[in-house]
Amino acid sequence: GLVWWGGSWWVSNKQESRLRAKLTEHGLQDRVHWKSLNGSLFGSFTLEDVVVDMPGQGKVQAGSVRVSDVVNSDDRQRLALRVQGLRQTDVKGEQAMAQMLGALSGRFELPPMDVELKVDARYDDDEGEIQLSLRQKEAVDFDFHLELTQIKVLREMGQAAGAAGQAGLGSMGGMGGMGLFALLALGEQVQLKSLQSSVKDRGAVERGIALYKRHNVPVSVDGGSLASQRDKGFAQRVLDIKAGCMREGPALLSKDPKGSCDAVTEFLSGKEDSLRVSIQPKTPMPISKAAEALMGRGGRPGEGAALLNVQIGS
């Protein structure tokens with residue numbers, strides 16, 4: 001037990017020194033603070049009571065931030081990040097995260113959020129994936145899984161940024177100077193293999209429907225029950241959304257537009273509490289081309305559905 005405790009203490013101090021050096025390298029040493037860092041002999045570490053100052057937008061706080069499954073080599077880069085109790089305080093500015101989430105969920109105050117992120121870049125296989133999950137009580141749960149190929153350009157970008165820093169340009173300046181190159185490289189060279197995402201309502205949609213009925217559906221004193229009028233007005237709005245979806249909505253990218261529009265409207269109307277979107281091209285395609293197909297550009301009507309193989313369901 002003493003050996004284990006001593007080893008963990010040594011690892012914690014070593015990891016904390018490295019983290020502080022990295023923050024200093026990026027000029028963030030005065031903006032990121034934590035109460036304690038606990039390291040593991042297996043390479044993971046956890047920060048407790050983390051506070052990040054965001055200029056103009058208050059502070060982002062987390063009960064804990066755990067970093068694990070770290071691999072950083074020429075052939076592979078991998079990381080798992082788990083944030084518990086994420087919230088924003090001392091909110092400033094109109095675009096603050098807390099205000100946006102509050103507006104979307106029908107509330108201006110929500111319980112803390114839990115976030116998990118996993119990144120795995122396998123340069124030897126030229127493939128990578130990103131997994132993200134958000135858990136927000138009284139709002140929504142969100143899951144996202146992206147698979148990519150032809151990712152070696154990302155390693156080249158990282159190496160170029162490191163070389164720029166060593167040349168005296170500074171790490172932030174080096175990355176800033178590479179901004180346009182990075183966007184072009186990502187769009188034209190990195191290819192999409194698949195994308196899976198889902199959202200589950202935990203109160204946000206339900207409250208949104210109630211607010212819409214109360215504030216956006218006109219009622220009259222001689223029109224019968226107010227609740228009945230509001231239900232009828234909202235039902236008509238759902239039909240309008242479905243009609244718009246069938247004419248020009250993203251569901252037209254699906255091989256089953258009617259089923260996709262049914263799934264979208266059932267979620268927005270509260271009949272179903274979840275919505276899933278899957279994009280799985282028959283062959284990988286550049287991200288820029290996939291984006292054009294999603295926006296209906298650069299092709300004939302219906303071509304996007306054939307290229308992307310989009311599926312939308314409950």
Side-chain angles (χ1 to χ4, degrees), residues 1-72 77-105 107-121 130-144 158 161 165 170-172 175 202-203:
L2 288 174
V3 172
W4 182 267
W5 176 84
S8 297
W9 175 86
W10 180 82
V11 169
S12 297
N13 280 274
K14 187 175 182 180
Q15 290 169 333
E16 188 163 17
S17 298
R18 289 178 175 176
L19 179 57
R20 292 191 184 280
K22 183 62 67 173
L23 291 172
T24 301
E25 178 183 343
H26 292 282
L28 300 174
Q29 67 276 10
D30 295 327
R31 295 184 183 176
V32 183
H33 310 276
W34 56 87
K35 182 178 180 180
S36 63
L37 185 152
N38 300 311
S40 164
L41 294 177
F42 296 108
S44 64
F45 65 91
T46 302
L47 297 169
E48 302 288 348
D49 294 334
V50 182
V51 179
V52 180
D53 291 320
M54 299 179 63
Q57 293 195 11
K59 297 178 180 179
V60 173
Q61 298 184 350
S64 67
V65 177
R66 177 178 173 80
V67 179
S68 62
D69 198 23
V70 178
V71 175
N72 187 17
Q77 289 182 315
R78 187 173 66 198
L79 171 73
L81 178 70
R82 183 177 184 182
V83 182
Q84 293 184 301
L86 181 67
R87 64 190 187 278
Q88 191 170 19
T89 61
D90 300 332
V91 177
K92 300 175 183 177
E94 296 180 356
Q95 300 302 317
M97 179 180 67
Q99 291 182 342
M100 291 190 291
L101 291 175
L104 290 173
S105 67
R107 288 187 179 178
F108 288 98
E109 292 186 8
L110 289 169
M113 176 190 300
D114 294 337
V115 181
E116 288 193 40
L117 173 67
K118 294 182 180 179
V119 180
D120 190 4
I130 299 172
Q131 297 181 61
L132 173 68
S133 69
L134 307 177
R135 298 289 180 265
Q136 178 65 71
K137 292 181 180 179
E138 301 178 23
V140 296
D141 289 344
F142 176 75
D143 290 284
F144 176 88
S171 58
M172 293 299 286
M175 286 301 291
R202 300 184 67 184

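Just so it is clear, the structure is predicted and the values come from calculations on it, not from any experiment.
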- Taking every non-hydrogen atom, the tightest pair across Glu48 and Gly63: OE1-O, 3.3 Å
- Message: Nearest 0.5 angstrom please: Arg87 CZ to Lys59 NZ, how far?
- Response: 11.5 Å
- Item | Asp114 versus Gln84, closest heavy-atom pair with distance | OD1-CA, 3.3 Å
- Asp49: what forms a side-chain contact (heavy atoms from CB on, under 4.5 Å) with it, not counting sequence neighbours? Lys35
- Nearest heavy-atom approach of Pro111 to Lys137 is CD-O, 3.5 Å
- Query: Can you list the residues that meet the side-chain contact (heavy atoms from CB on, under 4.5 Å) rule with Leu79, with sequence neighbours excluded?
  - Reply: Val67, Val70
- Query: Going through the distances and angles, do Leu28 and Asp30 end up as a side-chain contact (heavy atoms from CB on, under 4.5 Å)?
  - Reply: CA-CA 5 Å; Leu28 300 174; Asp30 295 327; over 6 Å; no
- Message: Arg202: which residues meet the salt bridge (Lys or Arg N to Asp or Glu O under 4.0 Å) condition with it, sequence neighbours left out?
- Response: Asp141
- Would you kindly say whether Asn72 and Gln77 are connected by a side-chain donor-acceptor distance under 3.5 Å? yes
- Steps toward side-chain contact (heavy atoms from CB on, under 4.5 Å) verdict (Glu16, Leu19): CA-CA 5 Å; Glu16 188 163 17; Leu19 179 57; 5.6 Å; no
- Task: Please assess Lys22 against Thr24 for the test side-chain contact (heavy atoms from CB on, under 4.5 Å), listing each intermediate value before the final yes or no.
- Result: CA-CA 5 Å; Lys22 183 62 67 173; Thr24 301; over 6 Å; no
- Task: Might you point out which heavy atoms bring Leu110 and Glu138 nearest each other, and give the distance in Å?
- Result: CD2-O, 4.0 Å
- Message: Going by salt bridge (Lys or Arg N to Asp or Glu O under 4.0 Å), name the residues that satisfy it together with Asp120, two or more places apart in sequence or in a different chain.
- Response: Arg76, Arg122
- Message: So, taking the atom named CG in Leu37 and the one named CG in Leu47, what distance separates them when rounded to the nearest 0.5 Å?
- Response: 4.5 Å
- Message: So Leu81 and Val65, do their side chains get closer than 4.5 Å, heavy atoms only?
- Response: yes
- Message: Applying side-chain hydrogen bond (donor to acceptor under 3.5 Å, both in side chains), can you list everything that pairs with Arg82, at least two apart in sequence or on another chain?
- Response: none
- Task: Tell me, please, which residues at least two apart from Val140 pass side-chain contact (heavy atoms from CB on, under 4.5 Å).
- Result: Val199, Asp201, Ala204
- Message: What I'd like to find out is whether the side chain of Pro112 reaches to under 4.5 Å of the side chain of Leu86, using heavy atoms alone.
- Response: no
- Of the non-hydrogen atoms in Arg66 and Ser44, which two are nearest, and what is the gap between them? NH2-OG, 3.3 Å
- Considering all heavy atoms, the nearest His33-Asp53 contact: NE2-OD2, 3.9 Å
- Message: A side-chain contact here means heavy atoms from C-beta on lying under 4.5 Å apart; do Phe142 and Arg135 qualify?
- Response: no
